[in-house]
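Order of the sequence lines fixes the chain letters, A, B, ..., with proteins taken first and strands second; residue numbering starts at 1 for each chain.
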Amino acid sequence: MRARHSSLWLGGALASFALSAAVLSLFWAPYNPEMQNIAGQLQAPSLTHWFGTDHLGRDTLSMTLAGARNSITVALVAVMIGMGVGVPLGLFAAAQRGWVDSLLMRINDLLFAFPALILAILITAIFGPGAINAIIAIGVFNIPVFARLTRGAALSIWAHDYILAARLSGKTALRISWEHILPNLAGLLIVQGSIQFAMGIIAEAGLSYLGLGAQPPASSWGRMLFDAQTMTGFAPWLAIFPGLAILLSVLGFNLLGDGLRDVLDPRQKGHRE
Amino acid sequence: MIVWFLRRMFALLATMLAASLFIFFMIEVLPGDPAHFMMGLNADPAGLDALREQMGLNATLPERYMRWVLALLRGDFGISYTYHVPVRDLIVERLAVSLPLAVYALAISILLAFPIAVFTASKAGKFADTLIMGGTQIGVAIPNFWLAMLLVLLFSTQLHWFSAGGFPGWQAGLLVAFKALTLPAIALGVPQAAILARVMRTSLIETMGEDYMRTARAKGLGQLQVIWRHGVRNAMIPVLTVIGMQLSFLLAGSIIIENVFFLPGLGRLVFQAVAQRDLVVVEGVVLVLVLAVVLVTFMVDITYHLVDPRLRRPATMRRTK
Amino acid sequence: MSLLVVDNLRVRLRGVPVLHGVSLKISKGQIYGLAGASGAGKSITAMSIMGLLPPKAQVDGTIHLGRNDLLKKSEKQMCALRGKQIGMVFQEPMSALNPLHPIGKQVAETVRIHENVSRKEAKVRAHHVLTRVGLPPSQISPGRFAHELSGGQRQRVMIAMAMVLKPKLLIADEPSTALDVTAQAQILRLLKSLVRKDGVSLLLITHDLAVMAQMADELAIMRAGKIIESGPTPKLLRHLDHEYSKTLLQSAIMRPLRLPHKVHGTEAVLEAKNITCRYGRKYRTNGHNPPGVVAVDGVSFKIRKGENVGLVGESGCGKSTLLRALLALKAPESGQVLLHGEPFLPNSHKQTKTQRKHIQMVFQDPYSSFNPRHKIARLIAEPFYLQGKISAERRNAAVADMLEKVGLAVDDGNKYPHQFSGGQRQRIAIARALITKPSVVALDEAVSALDVTMRAQILALLGELTDALGVSFLFVSHDLGVVRAICDRVLVMKDGKIVEEGEVGDLFSRPLHPYTQALIAATPDVETALEERELERD
């Protein structure tokens, strides 16, 4: 029991650390992350530059902070897109069943056949690279995830007698979905939201590593890693700090999701121990 | 069973058709004039016309789609705009790297995950379990291309055991080729192994709490025999889904890793094609990858029906997760 | 000479004592009944004998099977005893059988574990025992899987698995509780004949005293981890000492609560006219009926004002589907439901909303009947949605009034469902069903999930309410005893048709249809069972 809660606390701490780094970067950074200083390039970590500097003399710490802002914005908006479209779709499919359900789920399966990366490639092939397109690609990928989850959980709630009681009270499917189904799904959705958030951070890093995400001079963790790749031999800090930033924030949101599941989702409780 | 199989086949074809329509729409309809898009701003009218002619863009949309699909059925993916060779040849050539890489990575994932899952499930709640599960959390969170960079840093730059990238080709010998794929496969496989181990452990623990496991004990089977004879197969059912998803992910997801290691695979092909605006190649590769995902899902479904007799009856109950 | 001797057995699970010194003796060939409410420690006792308690359980005392001191045996030695000398049958045959292995293989496995025989030989033995339990391979293929069998057949497979090696002791933990009445009677008869023929001792665990009255030679009553009294069954049940045992027995014997032949109005509040339904994809109630099959076949009946009607039938007979049609949750394929003489159609119709307040429902499972996130007052007030806007005061007053009527406190309105026991939840469900002052309330197996004492209380409450409020109850149940206690008239349903209909007294004393006769004969009843056994002895 204590071990479980520890994942909630540790995850919460890491996640809020990542969030506060992102917020902090809005107001303050040790240096301007876009300011180049060729004279001071490739400095190892020191008291003046905690994370060192890159080949253009930019401060790695400031860039990592700015990268946090980029990653978290992309992941957050992508989760919102996924939830905003997927949850109503799932609720609707569960309430309607029959052919509407089948059709929606087939479309869902089809979307599911396009991994986020492929989707992003398609989108950038047409519209060119950029943070917005990365958001759309990851967001669209999130839609079937939330739609499936919502539909499955909603179906199991529809089987409860209290839904029948509500129908006997003359309530429509729409009203029942809003009043009875959605509130009972909230915990599950928060948990999945946290996990998709973590996935979004990884996916964004991957896309910007390929140059399909945020474009320079904006900072992103993936781009920093791409730039660092040829220099790992003599400037390993350039690869280590952004990578750790990704690892810790993803770990944080995953742990947070797991911890929340134990607290919020009573279905899991019976299976523990 | 046969009826089910035919219905499933039909659904497979329908999904493939829908996927091809979607890709066609994205690539040939959304950009407006693909020829113009591919040649960029400084295109000369004569060149444009020639390209339009070559791509068959002067016909109506339905005609173009039909022609495209019919050509695909003949195995004709069109001619690459930048390489000036048939896209099919490119894909076949690159698949010879991507497919073995995906299978190699999947093997690593399964071989790592299986013992970890069995061990932690048998020690559920104990210190060793908590420790290893904490480790898998890190494994899940690690971006594979960063892991790849760290591997290169350690095994190539420092230890010089492996080369930092590139692929000598299969003609260089099986061992040499596999050696070149080893670091990429580890980078791809380890995070997947962490995911798989977690799923497998949960499934094993849940299965161990089932009533029929108690029945088997009441028959006189020992704890280990019960897990082996009655537990493993039941616990594998949810794991199958994840393995299927991993294979699809590894096929498509190797795009990044191929770029880290400069491997001439499908991912690198499509990535370069995007940079060079070679829509014909993008279209072909994306189609192949998506069809692979659909096909893998189909095969997982078939396996389900072979493993689980409950799915074989006529009135199909929906599979619940 | 006793076969099994349990002496002063004490068990702690995670430090919590659950058995406080249980002692019992079972002689060879004897059927020993262990009765008591859920949580009394019956199953823990059984699992202690099997040596299958959770890993960290602390066990004291002794358990002897013949000369074997079971608590001193190593795990390996226990494995050799389980299945060979002690067999066990569990309550839920569906989950107790491995879904992925054919039944024949599962039975043969017991043989292969303990005896060094060929696959073929084990198969022959398995087929032999399957024939003995009434599943001859010529009719029921041993290649079938658990999900392809009925509940009764699955339990037969379990019995075959436990009996194939003719153990000395068979433990049966609620072997018939999850089954239909007729299947239950068959399984009990089978168990009894098998153990008698093979000279096997049976430790029978059930909460149902009527079953005990039929089956057990010796009976022990457990409460809170102790045996409070024991003795030869008929004698013990005739002369119980403990108050608790007496309440248990009183609750098991259900006496009719209604006056016979009470005159009701002639006006029909609810009428079913020639209703036919098929199983559809939508709202399928249970997994085992394929769509398109006729579930309800031309059913007609009337419920008059203030009359309690019982609808009796076994699972799969079409009761639930019929109920859905009656409540206008689903349109019947043909036929009509009339509520106060007017057609009652599913939600999409305008007048349905005003009609709904006349008919409400109480469900079987008190745990899934309420949205866990809402407070009791809000849950009870939900049907007010039908009446449009009403003032908060009026609503609160009605809820408070209803809470008192069903025997709860007004304060309970501020609590959440999980703070209540199963019986209390059924009271809340009744309150919700009655809040709109309906003319008909359908109760779908409303007391099946409750302990016997709780069941008796709820039935008494319903008896009071029907007279006080002039409401008609439609009591859907598989349990004839319950229907007999609360209803004026009974409809017996089989394969989608009403096969017999009559006043309670007439129907039970002179059942005409063979199916009704079989149902009544199969329903365990303490009095009848005791009388029969006393006759046997004389």
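Without hydrogens or angle criteria, B/Trp146 side chain to A/Ala239 main chain gives a donor-acceptor distance under 3.5 Å.
Chain B forms more heavy-atom pairs under 4.5 Å with one residue of A/Gly206, A/Pro129, A/Pro236 than with any other, namely A/Gly206. By number of non-hydrogen pairs under 4.5 angstrom with chain A, the leading residue of B/Val282, B/Val260, B/Asn144, B/Val270 is B/Val260. Contacts with chain A were tallied for B/Val286, B/Ile23, B/Val296; B/Val286 has the most, counting heavy-atom pairs under 4.5 Å.
Looking at B/Leu251, neither its backbone nor its side chain comes within 4.5 Å of chain A, counting heavy atoms on both sides. For B/Phe249, no part lies near chain A; criterion is any non-hydrogen pair under 4.5 Å. Heavy atoms closer than 4.5 Å to chain A are found in the side chain of B/Leu153, but not in its backbone. Contacts between A/Leu244 and chain B at a heavy-atom distance below 4.5 Å involve backbone atoms as well as side-chain atoms. In this structure, chain A has a heavy atom under 4.5 Å from the side chain of B/Leu289, while its backbone stays farther away. For chain B, the nearby parts of A/Ala205 are the backbone and the side chain; heavy atoms of each come within less than 4.5 Å. Both the backbone and the side chain of B/Thr15 come within contact range of chain A, with heavy atoms under 4.5 Å apart. When heavy atoms are compared at a cutoff of 4.5 Å, A/Phe127 approaches chain B solely by way of its side chain, counted from C-beta outward.
Ring centers of A/Phe226 and B/Phe145: at least 6.0 Å apart, outside the cut-off.
A 4.5 Å side-chain heavy-atom check between A/Asp258 and B/Arg198 finds at least one atom pair inside the cut-off.
To the nearest 0.5 angstrom, B/Thr297 atom OG1 is 9.0 Å from A/Phe112 atom CZ. Here the straight-line distance linking atom CD of B/Gln137 with atom CG of A/Leu255 works out to 4.5 Å at 0.5 Å rounding. In this structure, CG on A/Leu110 lies 12.0 Å from CE on B/Met16, to the nearest 0.5 angstrom.
The minimum heavy-atom distance between A/Ile202 and B/Val140, with the atom names listed, is CD1-O, 4.1 Å. The minimum heavy-atom distance between B/Pro143 and A/Ile246, with the atom names listed, is CG-CG2, 3.3 Å. Heavy atoms only, all atoms of each residue included: A/Leu225 and B/Met149 are closest at O-CE, 3.4 Å. Of all non-hydrogen atoms in A/Leu251 and B/Ala141, the two that sit nearest each other are N-CB, 3.5 Å.
Summarising the local packing, CD1 of A/Ile132 is surrounded by 12 or fewer heavy atoms from other residues, nucleotides or ligands at distances under 6.0 Å. For CZ of A/Phe241, the number of neighbouring non-hydrogen atoms (other residues, nucleotides, ligands) closer than 6.0 Å is greater than 12.
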- Message: Apply side chain to side chain contact (heavy atoms under 4.5 Å, CB included) to residues A/Gln229 and B/Val152 and explain how you reach the verdict.
- Response: CA-CA 10 Å; A/Gln229 197 178 339; B/Val152 170; over 6 Å; no
